[in-house]
Amino acid sequence: MSESIKYVLGEDRIPKSWYNLMADLPEPPPPPLNPATNKPISPDDLAALFPPALIKQEVSTERKIEIPEPVRQIYRQWRPTPLFRARRLEQALDTPARIYYKYEGASPPGSHKPNTAVAQAFYNKEAGIKRIATETGAGQWGSALSFAGAFLGMEIQVFMVRVSYNQKPYRRAMMETYGAKCLPSPSDQTESGRAILAKRPDHPGSLGIAISEAVEVAAKNSDTNYALGSVLNHVLIHQSVIGLEAMEQMEMAGDYPDVVIGCAGGGSNFAGIAFPFLGAQLRGGKKVRIVAVEPIACPTMTRGKYAYDYGDTAHLTPLLKMHTLGSAFTPPGFHAGGLRYHGMGPLVSLTHKLGLIEAAAYEQTACFAAGVLFARAEGVVPAPETNHAIKAAVDEALRCKEEGVSRVILFNFSGHGHFDMQAYTDYFSGKLVDQHYEESELAMALAGLPSVNEV
Ligand SMILES: *Cc1c(COP(=O)(O)O)cnc(C)c1O
């Protein structure tokens with residue numbers, strides 16, 4: 001058996017700038033709209049929530065955006081992350097494919113999310129903001145922002161989706177260890193939370209509701225801003241360090257991917273690994289197949305609609321043109337909490353609409369089976385979200401075997417699963433069930449799309 005190979009870059013190879021796909025797209029994305037007027041929002045509309053630097057990045061069409069030196073200094077804690085050639089997995093699958101993965105589980109909180117959390121905390125601090133309010137689903141984003149808050153001396157308030165708050169006490173403990181305040185959402189601390197609790201006191205919560213609560217706190221307090229861990233352009237820009245480093249590491253390995261794969265909740269780690277390769281392709285480079293993988297129980301790209309929708313349940317956010325299941329969507333309580341959002345990042349949605357990327361959806365039990373296979377071959381226990389990317393990579397490798405061809409597969413390993421062992425316990429005891437989103441429910445949530453789509 002030959003062992004897997006690790007490709008490591010020195011600290012001096014941490015990218016000096018992020019990559020922005022906007023510069024290379026054949027057409028610009030439709031603008032975010034003000035929900036009150038249905039007119040494109042102005043940067044001023046966002047000023048109550050975000051610092052000027054991030055608003056500028058949100059609308060930027062510059063290809064390269066410089067990474068501030070203090071952010072690069074913090075990145076040095078865990079970046080560049082290693083790229084592995086998963087030889088042991090290849091042998092377990094007996095495939096002629098060459099499988100590579102970029103290991104974003106190397107960050108202190110355990111996922112790709114600190115790549116943007118550190119940048120967002122930095123720009124907020126620079127703008128004189130004292131506190132950041134945010135939401136978290138599975139707890140990965142809350143942990144990442146809490147970590148960034150500890151490093152940059154910012155107060156962090158996290159609204160955590162109630163089912164996850166109850167299912168994952170250790171994520172909450174981690175946020176508190178970093179000094180953050182964590183509340184179950186819906187909470188009684190905000191108008192939007194109280195309105196939901198009045199209708200249903202045992203509401204399990206959703207990312208959409210938690211976003212409403214955090215946005216409300218930020219809008220009402222001048223010393224507080226809001227931060228989102230995915231979806232928005234500036235978040236996708238910050239995650240480009242993943243793909244930029246991977247391009248160099250693939251070069252070290254003497255390979256170039258035929259297929260690039262990422263799991264997609266709001267699309268940030270997927271865009272992080274894929275957009276630098278897509279940009280190179282759009283500038284005349286080699287064509288790559290790019291696959292975004294989502295759960296069958298939250299099929300935003302594979303069954304949702306490409307339409308303007310709200311980012312949250314209380315309809316406080318601008319309207320974004322994206323693949324959506326409707327902001328009223330409450331997904332079933334499956335285990336990949338980070339993939340339970342009703343929408344998809346506008347840039348990821350646009351690349352899908354333009355046919356530049358593909359989307360695939362898998363059942364959670366099949367994803368866990370792939371995750372277990374991966375752990376036994378490569379040694380790392382993946383997050384349930386990451387299992388979706390692994391499942392797609394394994395299927396592609398098995399297709400190579402059937403076809404008797406060798407393709408180069410690169411996927412992003414978005415995070416480790418050390419806080420998700422209950423999900424593995426449930427999987428091993430046969431308690432994980434595959435849930436489907438009924439057509440009638442889907443139609444109902446989509447019927448609530450804002451009327452701007454009808455003109
Ligand atoms: C949050 C998270 C995801 C999903 O978020 P994206 O913005 O779609 O990347 C995937 N994997 C892990 C480990 C996460 O924490």
Side-chain angles (χ1 to χ4, degrees), residues 81 101-117 120 134-147 158 160-161 164 168 171 174-175 207 210-211 227-243 260-275 291-295 298-301 311 322-323 331 334-349 351-352 357 359 361-362 364 367 371 374 380-392 411-420 423:
T81 58
Y101 67 94
K102 179 74 168 155
Y103 184 56
E104 289 296 307
S107 76
S111 78
H112 64 286
K113 290 201 172 79
N115 296 334
T116 184
Q120 293 192 48
T134 196
E135 74 292 330
T136 197
Q140 298 260 30
W141 169 240
S143 310
L145 195 64
S146 302
F147 158 78
V158 183
M160 184 168 188
V161 175
S164 302
K168 305 179 101 183
R171 273 286 168 200
M174 189 183 205
M175 291 181 240
L207 270 180
I211 293 174
L228 191 62
S230 186
V231 177
L232 298 179
N233 299 353
H234 66 264
V235 180
L236 275 49
I237 287 170
H238 302 155
Q239 293 298 352
S240 66
V241 287
I242 302 172
V260 176
I261 297 168
C263 64
S268 75
N269 91 86
F270 164 75
I273 190 96
F275 281 5
V291 187
V293 190
E294 60 187 15
C298 190
T300 314
M301 302 184 82
M322 59 184 177
H323 285 87
F334 62 90
H335 268 291
L339 305 181
R340 296 180 72 209
Y341 187 56
H342 68 271
M344 183 56 63
L347 280 180
V348 173
S349 297
T351 56
H352 185 249
I357 66 162
Y362 289 104
Q364 67 172 348
C367 294
F374 181 90
V380 192
V381 179
E385 294 85 358
T386 309
N387 285 344
H388 290 73
I390 295 173
K391 169 68 179 157
F411 73 88
N412 190 42
F413 189 104
S414 54
H416 68 61
H418 299 177
F419 289 86
D420 303 282

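Just follow the structure's listing: the first ligand is 1, and inside any ligand the first atom is 1.
Distances below 4.0 Å separate heavy atoms of Glu385 from the following atoms of ligand 1: 10 (C), 11 (N), 12 (C). Residue Ala264 has at least one heavy-atom neighbour below 4.0 Å for each of these atoms of ligand 1: 8 (O). The distance from ligand 1 to the heavy atoms of Cys263 drops below 4.0 Å at these ligand atoms: 10 (C), 11 (N).
In this view, Ser349 and Tyr306, Met322, His323, Met344 satisfy the side chain to side chain contact (heavy atoms under 4.5 Å, CB included) rule, not counting sequence neighbours. In this structure Phe147 satisfies the ring pair (Phe, Tyr, Trp, His ring centres under 6.0 Å) test together with Trp78, Phe151, Tyr178, sequence neighbours excluded.
For ligand 1, the polar-atom distance check against Leu339 finds no nitrogen or oxygen pair separated by under 3.5 Å. Between Gly267 and ligand 1, a contact under 3.5 Å exists for at least one N or O pair. Taking distance alone, with nitrogen or oxygen atoms compared against 3.5 Å, Gly415 stays at or beyond that limit from ligand 1.
Closest non-hydrogen pair, His416 versus Tyr103, comes out as CB-OH, 4.0 Å. When all heavy atoms are compared, the tightest approach of Leu339 to Pro295 is CB-CG, 3.6 Å. The shortest non-hydrogen separation linking Gly311 to Tyr341 is O-OH, 2.7 Å. The two residues Gln239 and Thr116 have their closest heavy-atom pair at NE2-CG2, 3.7 Å.
Residue Gln239 does not touch ligand 1, judged by heavy-atom distances below 4.0 Å. Contact annotation: for Ser414 versus ligand 1, heavy atoms closer than 4.0 Å belong to both the backbone and the side chain.
A side-chain hydrogen bond (donor to acceptor under 3.5 Å, both in side chains) with Glu104 is found for exactly one of Asn115, Asn412, Thr386, namely Asn115.
Nearest protein neighbour of atom 8 (O) of ligand 1, counting heavy atoms only, is Gly265 N, 2.6 Å. Nearest protein heavy-atom neighbour of atom 4 (C) of ligand 1: Gly338 O, 3.3 Å. Atom 7 (O) of ligand 1 has its closest protein heavy atom at Ser230 OG, 2.5 Å. Nearest protein heavy-atom contact of atom 2 (C) of ligand 1 is Lys113 NZ, 2.3 Å.
Closest heavy-atom approach to atom 9 (O) of ligand 1 within the set Thr386, Asn269, Asn387: this belongs to Asn269.
In this pair, Phe413 and Phe374 present their aromatic rings tilted. The plane angle is within the 30 to 60° band.
Donor-acceptor pairing under 3.5 Å is lacking for the side chains of Asn269 and Glu385.
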